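Written below as structure tokens is the structure these notes are about.
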Amino acid sequence: MLLADIAQTSARITEASGRNEKVALLAELFGRTGPDEVPVVVTYLAGRLPQRRTGVGWSTLGELPPPAARPTLTIAETDAAFAALARVSGKGAQAARKRQLDALLERATEDEQHFLVRLIGGELRQGALDAFAVEGLAAAIGAEPGEVRRAVMLGGSLGTVAQALLAEGPAALSRFGLEVGRPVLPMLAHTARSVDEALDKLGPCAVEEKLDGIRVQVHKDGDLVRVYTRTLEEITDRLPEAAEAARQADAGRAVLDGEVIALGEDGWPRPFQEVSGRVASRLDVAGASSELPLYPVFFDVLSLDGEDLLEKPSVQRHAALARVLPEERRVRRVPVPDPQDERAREAVRGFAEQVLARGHEGVVVKALDAGYSAGRRGASWLKVKPVHTLDLVVLGAEWGHGRRAGKLSNLHLGARREDGTFAMLGKTFKGLTDALLTWQTARLGELSLEDTAWGVRVSPEQVVEIAFDGVQRSTRYPEGVTLRFARVVRYREDKRPEEADTVETVTAMLR
DNA sequence: GATGGCTGCCC
DNA sequence: ATTCTGC
DNA sequence: GCAGAATGGGCAGCCATC
């Protein structure tokens, strides 16, 4: 098959507006793909390269070489080119990658180049990614989409499942199940504004502390232990503490879900930035580990001694977890069998306050009867974190891309200094509705001091209310602090910049 | 050797 | 990671 | 309710350049 077939289907998917239409286009292409080629084809159309890292991104692309007149590039050749790219390293690597990339792009037509550039940049923007590829695959072989999705979640990659399905048909689906040693995408949580809201939504539930660290999935098969991140990157070698905790679990085989954090000598959790840096360190793990030991804490078990627990209710999985791990290796937890009982609600509020007072991030409320929805943002887990707000001043804005093209989107945010100037604290593009985007494009146009390649610098006059999760240290911004997860709440047309919040207020929130 | 751009991945 | 939007 | 789009900041590691 030619790369042109994929590029053409991708372009049609982009133009199609309806969900069914996109799925039909995918199914049509998969229907004429051979089993050997399908792993690459589905992965490309899901918007990813099969190679986890190639060392080339937006900046490497630079100016494109002149395109080929006619399509000749095959899928196999394209895949081989990226595989070769991923192997390049050492002195001269950047130049070699650029050379190899240009050699590939030269062989591509204009349409294929367009597709490859977006694929490499990780921005296909065709309105269909993994989930649509799964639907298309199911439609191509006449299987239940839910069954295919389940196989993909549990059976490793989309490519592996696609190959088996095209070669053997729907019967292959039964082969894919949870296996110790093969990671599954973790279940994620939705957000609730308050514990009361979460209790009302979920009914009988349990409330757990939410720790601000790195999510880990630990597979134990006797002494053989492997540790994976939220995106299934294997990090066993970087996290000896998590591996050790799993070895000490009272189980022969188990798949555990949890979080690693670091604790200071005072027992307080260390900032997320420190944990993140520690987990990313791989050159001197022993040194990093003695500098900042990690502390793994678990909240779920997906499989135990040969039994798949994914579909068991959460209350049952937790009972299993409590049998194999001691209390200090488990997240703190309060069961709430009757959330309408006012005394129980009061206890939950107290628990949540206590968690925050001990320096943790918030709580997660989990329905007692829910199974583990691997790879999904299940409605049965609701996280609650405190939200802070500040009134800041817009210093500039950047032109948006894709569906925000032509609109000023990403805002530069400033806090007031004592001398009346403003210090940039970070950017945000979140929380803006289409109406607000239109309004701010006009408003910031009026305030523009300078047009630049990226957007506009504006006179610091417009106040905007910003919500955020906390402040963190920064090497990028002038006051050494920045906001975590900043988003727009509303514009404050009633406030003047002299009334905006100060740098001092923000830096005081660092601990 | 120090500095800085880029990628990849954590939240 | 958060939020908005179309289906 | 799901899936996708749009885009944030920090950090380690790799490589290039001064």
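Note that the coordinates shown come from a computational prediction; the quantities given were computed from them, not determined experimentally. Chain naming here is simple, since letters A, B, ... match the order of the sequence lines and numbering starts at 1 in each. The analysis underlying the following values was restricted to heavy atoms, covering all of them including side chains, and did not include hydrogens, waters or symmetry mates.
Counting non-hydrogen atoms under 4.0 angstrom, E123(A) reaches nothing in the nucleic acid. At a threshold of 4.0 angstrom between heavy atoms, the contacts of A131(A) are confined to the sugar-phosphate backbone, with no base atom among them. If you check every strand for non-hydrogen atoms under 4.0 Å, V56(A) touches sugar and phosphate atoms only. At a threshold of 4.0 angstrom between heavy atoms, the contacts of Q126(A) are confined to the sugar-phosphate backbone, with no base atom among them. The residue T482(A) sits close only to the backbone: its heavy atoms come under 4.0 Å of sugar-phosphate atoms, none of a base. At a threshold of 4.0 angstrom between heavy atoms, the contacts of K385(A) are confined to the sugar-phosphate backbone, with no base atom among them. Within the nucleic acid shown, A128(A) comes within 4.0 Å of sugar-phosphate atoms alone, with no base atom in reach, counting heavy atoms only. Looking at heavy-atom distances under 4.0 Å, H190(A) makes contact with sugar-phosphate atoms alone, never a base.
The CD-P distance, from E233(A) to dC9(B), rounds to 5 Å in whole Å. One can place CG of L425(A) at 13 Å from C1' of dG8(D), the figure rounded to the nearest angstrom. Rounded to whole angstrom, the span from the CG atom of L61(A) across to the P atom of dC6(B) amounts to 12 Å.
Geometrically, R329(A) engages Y295(A) in a cation-pi contact, judged by NZ or CZ lying under 6.0 Å from the ring centre and within 45° of the ring axis.
A donor-acceptor pair shorter than 3.5 Å can be found between the side chains of T236(A) and E234(A). Checking Q273(A) against R473(A) by side-chain atom types alone, no donor-acceptor pair falls below 3.5 Å.
Partners of E479(A) by salt bridge (charged side-chain N to carboxylate O under 4.0 Å, His left out), not counting sequence neighbours, listed by chain and number: R417(A). With sequence neighbours left out, R404(A) forms a side chain to side chain donor-acceptor pair (under 3.5 Å) with S409(A).
Nucleotides of DNA chain B nearest to W58(A) and G213(A) differ in position, and the one nearer the 5' end is that of W58(A). Two residues, N20(A) and K430(A), neighbour DNA chain C, and the one matched to the more 5' nucleotide by heavy-atom proximity is K430(A). Comparing A280(A) and V216(A) against DNA chain B, the residue whose closest nucleotide sits nearer the 5' end is A280(A).
For DNA chain C, the span of nucleotides reached by chain A at under 4.0 Å from its heavy atoms goes, 5' to 3', from dA1(C) to dC7(C).
When atom types are taken as modelled, the side chain of D501(A) and the backbone of D391(A) share a donor-acceptor pair closer than 3.5 angstrom. The closest donor-acceptor contact from the side chain of Y44(A) to the backbone of L119(A) lies at 3.5 Å or more, if one exists at all.
Applying the 4.0 Å criterion to OP1 and OP2 of dC14(D), one finds that S89(A) has every side-chain N and O outside that range. Residue R97(A) has no polar side-chain atom (N or O) positioned under 4.0 Å from OP1 or OP2 of dC14(D).
The salt bridge (charged side-chain N to carboxylate O under 4.0 Å, His left out) contacts involving residues 366-384 of chain A comprise E208(A)-K366(A), where partners must be two or more places apart or lie in separate chains. Listed by first then second residue, pairs satisfying side-chain hydrogen bond (donor to acceptor under 3.5 Å, both in side chains) with a partner in residues 136-153 of chain A number zero, not counting sequence neighbours.
Listed in residue order, the members of residues 391-409 of chain A having a heavy atom less than 4.0 Å from DNA chain C are R403(A).
Counting heavy atoms from C-beta outward, V56(A) and L61(A) have side chains that stay 4.5 Å or more apart.
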